[in-house]
Amino acid sequence: MPLEAVESPRLYRQIADQLRHLIDRQEFPVGARLPPERELAEKLGVSRPSVREALIALEVEGRVRIRMGSGVYVIDPPRPVPSAILVSDDAPEGPFEVLKARELVESAICAEAGGQATGEDLARLDEILRGMGAPGLPSDELVALDRAFHVAIAGILGNSVLARFVGTLFDQRINPYFQQLASYFESETSWRAAVAEHRVIRDALAAGSGEAASTAMRRHLRCSQERFSQSFGEGGSSGQESVNSCQASKN
């Protein structure tokens, strides 16, 4: 398969460009199944998350369809292709890039916030967690509460720049690529896991341990990455093993 190794801060765009070019050349005709993520990652010399970001971008663009339990298939593109969702210099950051950035930033914030959380701060976190635990909440409400939790932690430091920055990073998930990825892997079960991880962070802050809070936040955002890395069901090792490993690490 004529694929070239790529190097770029935004690898998923270059990967999507290569795959789109091969589709246009009929290397992968309409109806064809693309190689599994693992094989694409090996041939391109990139990580599987970067490949996944590219496949999600191509699905949003209307070039492929992901069939859970089967794989990724080429489809007839829409006519015309909506320019707003094309992979371009103006395209949003990849979901895994955003989650990794959040892991680094928010774990550092938790390390500082460990000894500074007031009773009012903890009451706000408890209120958000109660809201997230309510049954039957629609996804948009859960996302809003999730955002509020992370911004509230940044707010413990009393630095409006940090709080705004955390909110801005979180808002990167409100784009077509992240929403498409979430449509496959977010569920009542995944949200319950996220809320449980939030409670560990809250308890570490209440105990005044910045180290424990930082570790809990890092684990939470790594687990989020692993939840979004579960297999599309196309063979090979599945991301479910990573999720199980993530859950085991909390026990």
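Computation of the quantities below employed the complete heavy-atom set of this structure, encompassing side-chain atoms and omitting hydrogens, waters and symmetry-equivalent molecules.
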Between Asp171 and Thr168, does any side-chain donor sit less than 3.5 Å from a side-chain acceptor? no
Going by side-chain hydrogen bond (donor to acceptor under 3.5 Å, both in side chains), Asp17 matches just one of Gln14, Arg20, His21. Which one? Arg20
Of His220, His150, Arg218, which meets side-chain hydrogen bond (donor to acceptor under 3.5 Å, both in side chains) against Glu106? His150
Are any of the side-chain nitrogens in Asp121 or Arg124 under 4.0 Å away from the carboxylate oxygens of its partner? no
With a 4.0 Å cut-off, would you call Arg222 and Glu103 a salt bridge? yes
Among the clusters formed by ILVMFWY side chains lying less than 4.5 Å apart, do [X] and [Y] turn up in the same one?
| X | Y | result |
| --- | --- | --- |
| Phe149 | Ile174 | no |
| Met132 | Leu137 | yes |
| Phe28 | Ile75 | no |

What residues form a salt bridge (charged side-chain N to carboxylate O under 4.0 Å, His left out) with Glu112, not counting sequence neighbours? none
Verify salt bridge (Lys or Arg N to Asp or Glu O under 4.0 Å) between Arg219 and Glu197, making sure each step is shown before the conclusion. CA-CA 8 Å; Arg219 180 182 296 124; Glu197 291 155 15; over 6 Å; no
Side chain [X], main chain [Y], donor-acceptor under 3.5 Å:
| X | Y | result |
| --- | --- | --- |
| Glu59 | Ile66 | yes |
| Ser214 | Ser107 | yes |
| Ser183 | Gln180 | yes |
| Asn175 | Gln172 | yes |

Any side-chain heavy atom of [X] sitting closer than 4.5 Å to one from [Y]?
| X | Y | value |
| --- | --- | --- |
| Glu61 | Pro77 | no |
| Asp146 | His198 | yes |
| Val166 | Ile153 | no |
| Val46 | Tyr12 | no |
| Asn159 | Phe165 | no |

Output the distance between atom [atom1] ([X]) and atom [atom2] ([Y]), rounded to the nearest 0.5 Å.
| X | Y | atom1 | atom2 | result |
| --- | --- | --- | --- | --- |
| Arg199 | Arg202 | CZ | CZ | 10.0 Å |
| Arg48 | Leu55 | CZ | CG | 10.5 Å |
| Ile15 | Arg13 | CD1 | CZ | 12.0 Å |
| Ile156 | Leu125 | CD1 | CG | 5.5 Å |
| Ser229 | Leu181 | OG | CG | 8.0 Å |
| Asp140 | Gln179 | CG | CD | 10.0 Å |

Would one find more than 12 heavy atoms of other residues, nucleotides or ligands at under 6.0 Å from atom [atom1] of [X]?
| X | atom1 | result |
| --- | --- | --- |
| Glu188 | CD | no |
| Gln26 | CD | yes |
| Glu211 | CD | no |
| Tyr73 | OH | yes |

The test is side chain to side chain contact (heavy atoms under 4.5 Å, CB included); show your working for Phe228 and Leu99 and say whether it passes. CA-CA 10 Å; Phe228 286 129; Leu99 286 168; 3.7 Å; yes
Would you name the heavy atoms of [X] and [Y] that are closest together and state the gap between them?
| X | Y | value |
| --- | --- | --- |
| Ile56 | Tyr177 | CG2-O, 3.3 Å |
| Ala16 | Ala54 | N-CB, 3.7 Å |
| Ala154 | Ala163 | CB-CA, 3.8 Å |
| Leu169 | Ala101 | CD2-CB, 4.3 Å |
| Phe96 | Gln225 | CE2-O, 3.4 Å |
| Cys110 | Ile201 | SG-CG2, 4.2 Å |

Quick check on salt bridge (charged side-chain N to carboxylate O under 4.0 Å, His left out): which of Arg227, Arg173, Arg192 does Glu186 satisfy it with? Arg173
Do Met68 and Phe185 pass the side chain to side chain contact (heavy atoms under 4.5 Å, CB included) test, and can you show the C-alpha distance, the side-chain angles, and the key distance before you say yes or no? CA-CA 10 Å; Met68 295 297 289; Phe185 301 113; 3.8 Å; yes
